[in-house]
Structure formats: structure tokens, C-alpha cells
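Below is one structure; the comments refer to it alone.
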2 protein chains.
Amino acid sequence: MANSTSGDSVTSRLVRVLETFTPTRTAQTAAEIGRRAGLPSSTAHRIVGELVDAGLLERDDDRRVRVGMRLWELATRSSHALRLRQAALPAMERVQARVREHTQLAILEQGEALFLERLSDPEAGANITRVAGRLPLHACSSGLVLLAFGDRALQESVLAGPLRPLSRRTPTDPAVLRRKLDEVRTLGHALARGYVEEVSTGLAVPVRDEGGRAVAALSVVLPHDSPTELALAELRRAARSTERALAHVR
Amino acid sequence: MANSTSGDSVTSRLVRVLETFTPTRTAQTAAEIGRRAGLPSSTAHRIVGELVDAGLLERDDDRRVRVGMRLWELATRSSHALRLRQAALPAMERVQARVREHTQLAILEQGEALFLERLSDPEAGANITRVAGRLPLHACSSGLVLLAFGDRALQESVLAGPLRPLSRRTPTDPAVLRRKLDEVRTLGHALARGYVEEVSTGLAVPVRDEGGRAVAALSVVLPHDSPTELALAELRRAARSTERALAHVR
DNA sequence: GCTTCCTTTCCCGTTCATCGGGAATGTGCG
DNA sequence: CGCACATTCCCGATGAACGGGAAAGGAAGC
């Protein structure tokens, strides 16, 4: 049971349809969706039609189909993560105003770091992270923080599992990662030089709840040669400010 | 055909389930969902179970159910509106840094203004708008801009339809609204004093595409006594900057 | 402890909506 | 004009969704 790969209920099929959309492929024909989701053409058209009627998908001026704003509304309006995001935003803006690179907010989601928000300076170099994107916990500064100040069982399962590298400098040795996590706990922040991409450094601090557990990670992405002192101070301040804002809301 | 109110297909039922979640009710039991969506108890439990399996809903530590992050991911990752949002964010931050109130981004969505983003100063007074919230076009500055610089057919249909007021100062007379739209076109911005709530003023400018049509509205919410010159200048600048960013992306 | 109320799970026969093959129509391109 | 593709329409078979009902699990109160 709990078979995750297969599944053929109505809803799992629906998810398969939605998953055919990616950041690089935001619009496609109903037939394309069908092919990618492994559905017969007539079935694909029927399902897409239903989803369009329901407002979860939209038809372009062309005949192409895209994810509907309605879906975003439904998902966003009532998401608990949105509260966290709104609580953190003012603090993130401040960080971004002083450290004009990339400022990010991530939470733990099913064993990965899920990025809820990202403020980027137009001048800053591109990097891989995107809003609603994910990264493995061991391979980014946000993940390290979420791991180090999170559930011990999760730490062990990550340490046990395969540690896939994103770049040459991503730690893949469990012993190295364990030491790194200890260091993160000691310092109170995570510095990941070249973990995600060789050219950039991630710096992250935890946003904690009353029990001291990390509920989120605030991070910045910097070029290797940037000083980290200012960024770290700003992140610390932002984390405290977010924690206060969260305490108010709850 | 195209009956929007009823509908009993699998997907419409799914939407009904999702719609039982609201900003104020982010978690509920499966039975509650069933009652609100008009489903028999056993059916509600089955559907909720399927949705949880698919990751679109999540179970709390308790037995309560909330909207899953997976849904947000699917909706956000591939939304075309997200590009607009990311293109506008840096400009919005700048506005927010100078005009420390509320800075908002809205698009036209099915005859209403849908707010994609909102930056709020912690010190600023609360107001009604929320991320993923909607307002009628005639009843907010963003809506006026989207209308005035948008489709002429839409203007007429709004002018023809009932103009529900949100406050005592919301324009409900078509003739008044028509003059107001002319004024917005002439000035290039919309000033809505007390339209949404009596105590606050909305100020909005259009973000336009190459054809001059509004693709979005950038707005600020101010107390009545605030001067609008600075805010307007910042909004104009932000709109231009967003337009440039959008041109790059396309 | 017992009772009450509510949620949740499980079972199961009925039925009706889903499924998808196939043909016809529409659209765009060279 | 012909080709390749997407889309719409039709329709009969089938099996999965449906939901009533019973029973189990839990929380609160007396």
C-alpha cells in the first residue's frame, strides 16, 4: 500500500496532468498533455476540458492550455505557509535592500527544502533556485539549517540515504555532512560554499519556533568573494524579526 | 451550456472541496469538508483520502486536513503570472522602501482584480486586500487602471452590470464611473479615495505591454491625508522598470 | 465507569459516469 | 492541394465511483 509511483484514481491522474507543466513549459496543447501524462488522446481532451471548465486550467488565446490562476488562488489563499511568507517578507525586503543579491525563504517539505520566496536583485547573477523550487537538504545552506535545527530522525535518514551532489563541492560523505551539521548547530548558521553551484555561496539562518525548532530558513546567495559578515548580521536580524511576527499571528 | 453554477463532474466536485478552505479556515476535518461541499460523509472521506494520497491535501498532526504545499507548487511553478510577479518584485520593493504602506500588484482575472503580490509595512494600518484576494474592478484603484487601459468591451460590460459598493464612497453610478475612467486615461493613473474602505486611498498605475494595454496594475494604499506625489512618482518609475523587465523575459 | 456525540473506517450492491476506439471536422503549413 | 496534426463528436462496454449503513475509534462530560 501507499504506492507512490503508480496509482490510477481520478485524482492521481489529475496530478499527472498538472505535472506535465513545468517552469519551462507553461503552455501546451491538450494532445501534448495527453502524451506526456500517458493518456489516450480522447481521454486527455475530455479531462483537460473538465479542468478548464473547473477553472484549474485555462485556454490561451491560441488553443494552448496553461495552469489557471484559479488553482493558484485556491492553493495560496488557504495555505498555512503563506502566513509564514507574509510574516517574513518585510524582514526579507530589508535584507535584500542591504545585501543586493538573492534573499530566500525555504521550509522543510517532504524531505526537501522548498523555496517559498525569493527576492533577487536585477543586477545579481542568475542562480538555480526558484520560487516553488526544491533542493535536497544536504546540498544547500537552507537545507543544512532546516536539518541541523530540525528533527533528529530526519537527520539520520538523510545521513543514511544517498547524498547526491549538485556540484563538485556538494558534500557526499555522511561523516563530512555530520560534522558540517554539528558546525551549523554550534555557529547558528550555515555557510555552503559551492554546494549548489560552484560559483556561489549560500548563507542561511534558522527561523525558530518557541521550542527552538527551525520552521523555516532565511538565506542569501552570494558570489564567493563577498564578505559574509554584513549578510549574516542582516539574516540574524531578519530571523528574529520574523519570529516576532510569527508569534503575533499565532 | 457552459453552466457554471452547477456541475457534478469529478473535477467540479474537487473544486468544491478546495473551496471549502478559506483564509480564515485553513484546517478542517474531513466531515466538515463534506458538509460544506454538500457531500455525504462516506463520499467526503473517500475523496479527501484520495486528495491526501495525491498530495493536494495534507493531514495535520491532528486529523485535520489542510491544503497541501504540493498544490501550491504545481500552481506556482508553471504559472505565467509568476513571471510577471518576479519581474515586478524588485520595483515593488523599491516603492515599498520609499512609501512605507502597502504596495500591491494586481492583474485582470475573470472580470475582477486579482492581487498577485502585496508588500506591507508592519507599521501600516491593516486593509482588506490580500495576496490571492480579489476586488471588483470598479471598486479599487487597481481595477480602474486595468479597466481604463484594458478591453473596451469589458469596460462596457462593467458599466452595464450592477456596481456593488464596498463602502459609501464606491462609485455606483455608471455615468460617474465612465467619467472616472476617462480621467484615469487622461492622467495615466487612478486615485480611489475611500472606494474600498472609507479610511484609505488607493493609487494605481498601469503596467503596459507593447500595444499600450494594461497587463497589470501597480498600486499603493495610503491614509487619506498622505501626499500622493512621491508615491505616484515611485509607482510610475516602478511600472516602467517592470515593463522593461517583462520585455527582457519575453 | 458509562453515556453521548462526532468523526472516521469499512463493507458492498447498484448504477451511471468514465473510458477510449474510431471517425469526422478543424487548423496550420509547405 | 495534401499532409500532419489537434480537436470534437459519437457511442457501447465496463468497471470504478457512489453512498447508505453499520461499526469502530475518540473526546468530553457527568
Side-chain angles (χ1 to χ4, degrees), chain A residues 1-22 24-68 71 78 80, chain B residues 1-22 24-68 71 78 80:
Chain A
M1 48 211 70
N3 189 343
S4 52
T5 49
S6 81
D8 236 43
S9 81
V10 187
T11 53
S12 78
R13 204 188 282 231
L14 196 154
V15 171
R16 280 222 304 287
V17 167
L18 290 177
E19 277 173 345
T20 62
F21 291 90
T22 66
T24 53
R25 192 193 317 126
T26 61
Q28 40 186 348
T29 65
E32 280 175 312
I33 295 174
R35 248 174 281 129
R36 281 188 241 269
L39 298 172
S41 171
S42 60
T43 304
H45 278 86
R46 181 169 38 79
I47 293 182
V48 167
E50 284 171 12
L51 289 173
V52 169
D53 285 347
L56 302 188
L57 296 181
E58 287 171 359
R59 282 198 208 282
D60 221 337
D61 3 293
D62 209 1
R63 319 241 80 240
R64 298 162 76 83
V65 178
R66 39 172 62 170
V67 173
L71 188 64
S78 31
H80 63 287
Chain B
M1 47 207 71
N3 191 343
S4 52
T5 49
S6 82
D8 234 42
S9 80
V10 187
T11 53
S12 79
R13 205 190 282 231
L14 195 155
V15 171
R16 280 222 303 287
V17 167
L18 290 177
E19 277 174 344
T20 63
F21 292 89
T22 66
T24 54
R25 193 193 317 128
T26 60
Q28 42 186 346
T29 65
E32 280 175 314
I33 296 174
R35 247 173 283 127
R36 280 187 242 269
L39 298 173
S41 171
S42 60
T43 305
H45 278 86
R46 181 169 37 81
I47 293 182
V48 167
E50 285 171 12
L51 289 173
V52 169
D53 285 347
L56 302 188
L57 296 180
E58 287 171 1
R59 281 198 208 282
D60 222 336
D61 4 290
D62 209 0
R63 318 240 80 243
R64 297 162 77 82
V65 178
R66 39 172 63 171
V67 173
L71 188 64
S78 31
H80 63 288

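Residue numbers begin at 1 in each chain, while the letters A, B, ... track the order of the sequences.
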Of the candidates D:dG20, D:dT7, C:dG20, the side chain of B:Pro40 sits closest to D:dG20
Protein N or O to nucleotides 24-30 of chain C N or O, pairs below 3.5 Å:
none

Test side-chain contact (heavy atoms from CB on, under 4.5 Å), reference B:Leu18, set B:Leu57, B:Leu56, B:Ile33, output is B:Leu57
From CG of B:Leu39 across to P of C:dT7 the rounded distance in Å is 15 Å
Closest non-hydrogen contact found for B:Gly34 with B:Ala44 is CA-CB, 3.4 Å
From CG of A:Leu57 across to P of D:dT7 the rounded distance in Å is 13 Å
B:Asp60 CG to C:dT8 P, in whole Å, measures 12 Å
Of the candidates C:dT8, D:dT7, D:dA6, the side chain of A:Ala30 sits closest to D:dT7
Here the pair of heavy atoms bringing A:His45 nearest to A:Ala31 is CE1-N, 4.0 Å
Margin query: Measuring only between side-chain heavy atoms, which start at C-beta, is A:Leu14 closer than 4.5 Å to A:Leu51?
Written below: yes
In whole angstroms, the gap separating C1' of C:dA17 from CG of B:Leu14 amounts to 16 Å
Of the listed C:dT18, C:dG20, D:dT7, the closest approach to the A:Thr29 side chain comes from D:dT7
Among C:dT8, D:dT7, D:dG19, the one nearest any side-chain atom of A:His45 is D:dT7
Separation of C:dA17 atom P from A:Glu50 atom CD, nearest Å, is 12 Å
Picking from C:dT18, C:dT8, D:dG19, the nucleotide nearest the side-chain atoms of B:Ala31 would be C:dT8
Which of D:dG21, D:dC18, C:dT7 is nearest the side chain of B:Ile47? It is D:dC18
query = Would you say B:Arg13 reaches D:dG19's phosphate, i.e. side-chain N/O to OP1/OP2 under 4.0 Å?
reply = yes
OG1 (B:Thr11) and CD1 (A:Ile47) are apart, to the nearest 0.5 Å, by 9.0 Å
Against the side chain of B:Ser42, the closest entry in D:dG20, D:dC5, C:dG20 is D:dG20
- Message: I'd like to know whether B:His80 forms a side-chain contact (heavy atoms from CB on, under 4.5 Å) with A:Val67, so could you lay out the CA-CA distance, the side-chain angles of the two residues, the decisive distance to 0.1 Å, and finally the verdict.
- Response: CA-CA 8 Å; B:His80 63 288; A:Val67 173; over 6 Å; no
From CZ of B:Arg64 across to C1' of C:dT7 the rounded distance in Å is 12 Å
If each end axis of the helix from C:dG1-D:dC30 to C:dG30-D:dC1 is fitted on five C1' pair positions, the angle between them, to 10 degrees, is 50°
Are side-chain heavy atoms of A:Thr20 and A:Arg35 found at a separation under 4.5 Å? no
*asked:* Side chains of B:Arg36 and B:Gln28 only: does a donor on one sit below 3.5 Å from an acceptor on the other?
replied: yes
Taken to the nearest whole Å, CD/B:Gln28 to P/C:dC6 is 17 Å
Nearest heavy-atom contact between B:Leu39 and B:Arg16 is CD2-NH2, 4.0 Å
Open item on the list: With heavy-atom distances below 4.5 Å as the criterion, would you say the side chains of A:Leu71 and B:Leu71 are in contact?
Closed with: yes
*asked:* Base, sugar-phosphate or nothing for A:Arg35? Non-hydrogen atoms, less than 4.0 Å.
replied: sugar-phosphate
Against the side chain of B:Arg46, the closest entry in C:dC19, D:dC5, D:dA17 is D:dA17
